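As structure tokens, the structure follows; a few thoughts come after it.
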Amino acid sequence: MTRALELARRGLYTTTPNPRVGCVIVRDNDVIGEGWHERAGEPHAEVHALKQAGARARGATVYVTLEPCAHQGRTPPCCDALIAAGVSRVIAAIEDPNQLVAGKGWAMLRAANIDVDIGLMVDEATALNIGFISRMTRGRPWVRLKVAASLDGKTALLNGQSQWITGEAARRDGHAWRAQACAILTGIGTVKDDNPRLTVRDTETPRQPLRVVVDSRLETPLDAHVAGKGTLFAAAANWVKPLQALQSQGAEIIVLPNAAGKVELPDLMLELGRRGINELHVEAGYKLNGSLLNEGLVDELLIYLAPSVMGDAARSMFHLPALNALSEQRRLSIVDVRQIGADIRILARVGPV
């Protein structure tokens, strides 16, 4: 199963909107077939492994990181392939949360007299597909919010200048996280201050994530890097002239207003889920960061802390209402802490899936 998970990680940047899946086939203590799912519309991990195993798959044991599919999608059901190959046992890490599968794969295999065991290396398999699980169970992506800050928690000067607080190694690491995501989200404040590209540049990837900009009044300049094809703008009203101007450059605009005249962020998350976005990587300013956190939409914080201080007047990580008691603190669970170049990277969970 460890090997199957290693194989699944090869699809880290490519499988969206599908899950990352690896498969290993063993017979008489020898590995006779391996495979992983590479991208949507192409054969699944089990099919690749069965092809490699050939006739030796009969009577073999299959290790797979996710329940084999039991429905016809872009490709035929993997359960049919496993049954036809005559395997004797399937050991899987987790059940597929997709309601089109969810237990149906196990039922098909057992009906064909194939032994099924579930639950080997659950935590590792869950972490690998945290976004897919989130979208299948909650209808919205797993939201990872990235912040680069000084040691006193400041992300920009009062005038908005923020490039660069952390070092080159931390920025390169941040691009690897971007590549893993299906979409990258920012706000109009960051667009105006930094004119970001919101692209993956320091990590090899066969595709670029969707760019998402929260821009209530559609104030993005037409010469901004994000003002074009590959960007989805979320607005609070149908601002005709800027909407048409952005559309003429290839951008897509959706209108999701709330009662305050801002973008309804929970609705935006659901819309991204409907579009097959598994993991959403946020790189925004303190106002949008605070709004996302306050709405309960952030699942994970990816924080890079530089060995510097910027003082009280600088901008903080989050714009949040004042607390009246320490009991109102938002508690986090630290998942990982490590040094990246001269900076410290902290990965912390805000809440469960």
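It should be emphasised that the depicted structure is a prediction, and the values quoted were computed from it without experimental measurement.
Checked by atom type and distance alone, the side chain of T231 pairs as donor or acceptor with a backbone atom of V226 at under 3.5 Å. In terms of modelled atom types and a separation under 3.5 Å, the side chain of K192 and the main chain of G187 share no donor-acceptor contact. Counting only distance, with no hydrogens or angles, the side chain of E67 and the backbone of A92 share no donor-acceptor pair below 3.5 Å. Side-chain N or O atoms of S291 include one that pairs as donor or acceptor with a backbone N or O of K287 at under 3.5 Å. A donor-acceptor pair under 3.5 Å is absent between the side-chain atoms of D215 and the main chain of A235, judged by distance alone. Listed for the Q249 side chain is no donor-acceptor partner under 3.5 Å among the backbone atoms of L246. A donor-acceptor pair under 3.5 Å links the side-chain atoms of W239 to the main chain of S216, judged by distance alone. Looking only at distances, a side-chain donor or acceptor of N258 sits under 3.5 Å from a matching main-chain atom of K262. At distances below 3.5 Å, at least one donor-acceptor pair connects side-chain atoms of S88 with backbone N or O atoms of G59.
Remark: D312 CG is loosely packed, at most 12 non-hydrogen atoms of other residues, nucleotides or ligands lying under 6.0 Å away. Shown here is R110, whose CZ atom has more than 12 heavy atoms of other residues, nucleotides or ligands within 6.0 Å. Around CD of E168, the count of heavy atoms belonging to other residues, nucleotides or ligands within 6.0 Å does not exceed 12. Counting non-hydrogen atoms of neighbouring residues, nucleotides and ligands closer than 6.0 angstrom, the CD atom of Q339 exceeds 12 such neighbours.
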Worked verdict on T14 versus R207 for side chain to side chain contact (heavy atoms under 4.5 Å, CB included):
CA-CA 7 Å; T14 61; R207 54 100 184 150; 5.8 Å; no
Go through the steps to decide whether L288 and L185 satisfy the test side chain to side chain contact (heavy atoms under 4.5 Å, CB included), and finish with yes or no.
CA-CA 10 Å; L288 182 53; L185 179 143; 3.6 Å; yes
Does the pair L157 and M310 meet the rule for a side chain to side chain contact (heavy atoms under 4.5 Å, CB included), with working shown?
CA-CA 8 Å; L157 299 180; M310 294 170 61; 3.7 Å; yes
Show the numbers, then the answer: is there a salt bridge (charged side-chain N to carboxylate O under 4.0 Å, His left out) between D299 and R138?
CA-CA 12 Å; D299 298 301; R138 304 186 300 182; 2.9 Å; yes
With side chain to side chain contact (heavy atoms under 4.5 Å, CB included) as the criterion, how do V62 and C23 come out once you've worked through the C-alpha distance, each side chain's angles and the decisive distance to 0.1 Å?
CA-CA 7 Å; V62 177; C23 179; 3.5 Å; yes
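Salt bridge annotation for R345-D336: present, with a cationic side-chain nitrogen under 4.0 angstrom from a carboxylate oxygen. A salt bridge is defined here as a Lys NZ or Arg NE, NH1 or NH2 lying under 4.0 Å from an Asp or Glu carboxylate O, and R3 with E6 meets this definition.
Residues passing the ring-ring contact (aromatic ring centres under 6.0 Å, His included) test with H37 are H44, sequence neighbours excluded. Legend: residues meeting salt bridge (charged side-chain N to carboxylate O under 4.0 Å, His left out) with E271, ordered by chain and number and at least two apart, are R274, R275. By the side chain to side chain donor-acceptor pair (under 3.5 Å) test, Q208 pairs with no residue at all, sequence neighbours left out. Scanning for side chain to side chain contact (heavy atoms under 4.5 Å, CB included) contacts around A176 gives Y13, T203, with sequence neighbours left out. For H319, the ring-ring contact (aromatic ring centres under 6.0 Å, His included) partners two or more places apart in sequence, or in a different chain, are Y286.
For the pair D117/R89, a side-chain contact is recorded, criterion being any heavy-atom separation below 4.5 Å from C-beta on. The side-chain heavy atoms of E46 and V90, taken from C-beta on, include no pair separated by under 4.5 Å. Between E252 and L210, the closest side-chain pair of non-hydrogen atoms is not below 4.5 Å. Using a 4.5 Å heavy-atom cutoff, the side chains of L320 and L293 are in contact. Within the 4.5 Å cutoff, no side-chain heavy atoms of T190 are placed close to those of E283. At least one side-chain heavy atom of H281 sits under 4.5 Å from a side-chain heavy atom of L302. You'll find the side chain of T65 stays beyond 4.5 Å of the side chain of R9, heavy atoms only. Side-chain contact between H48 and E38 is present, with at least one heavy-atom pair separated by less than 4.5 Å.
I32 and V26 make their closest contact through CG1-N, 4.4 Å (heavy atoms, listed as atom of the first residue, atom of the second, distance). Contact detail for L305 and M317: the closest heavy-atom pair is CD2-CE, 3.9 Å. When all heavy atoms of I165 and A148 are compared, the pair lying nearest together is CD1-O, 3.9 Å. The two residues N195 and A224 have their closest heavy-atom pair at OD1-CA, 3.4 Å. Listed here is the closest heavy atom pair of A306 and D343: CA-OD1, 3.2 Å. Taking all atoms of both residues into account, the shortest heavy-atom contact from P17 to G276 is CB-O, 3.3 Å.
How far CD of E95 is from CG of L66: 9.0 Å, rounded to the nearest 0.5 Å. Distance check: L12 CG to L128 CG gives 7.0 Å after rounding to the nearest 0.5 Å. To the nearest 0.5 Å, atoms CD1 (I83) and CD1 (I114) are separated by 5.0 Å. Expressed to the nearest 0.5 Å, how far CG of L50 lies from SG of C78 amounts to 8.5 Å. From L301, atom CG reaches atom CZ of F318 across 4.5 Å, with rounding to the nearest 0.5 Å. Atom-to-atom distance recorded for I118:CD1 and W106:CH2 is 4.5 Å, nearest 0.5 angstrom.
I188 and L297 end up in different hydrophobic clusters when Ile, Leu, Val, Met, Phe, Trp and Tyr side chains are linked at under 4.5 Å. Both V143 and V263 are members of a single hydrophobic cluster when ILVMFWY side chains are connected at heavy-atom separations under 4.5 Å. With hydrophobic clusters built from ILVMFWY side chains whose heavy atoms lie under 4.5 angstrom apart, L270 does not share a cluster with I133. In the hydrophobic clustering of this structure, L280 groups with V214; members are Ile, Leu, Val, Met, Phe, Trp, Tyr whose side-chain heavy atoms approach within less than 4.5 Å, directly or through other members. Note: the hydrophobic cluster containing L332 also contains I303 (ILVMFWY, side chain heavy atoms under 4.5 Å, direct or indirect links).
Shown are N159, D193, T155; of these, the side-chain hydrogen bond (donor to acceptor under 3.5 Å, both in side chains) with R315 is made only by D193. Just one of R144, R135, R140, K146 meets the salt bridge (charged side-chain N to carboxylate O under 4.0 Å, His left out) condition when paired with E279; it is R144.
The side-chain tip of R20 does not point at the ring of W36 from less than 6.0 angstrom away and within 45° of straight on.
For residues 82-105, there are no ring pair (Phe, Tyr, Trp, His ring centres under 6.0 Å) pairs, not counting sequence neighbours.
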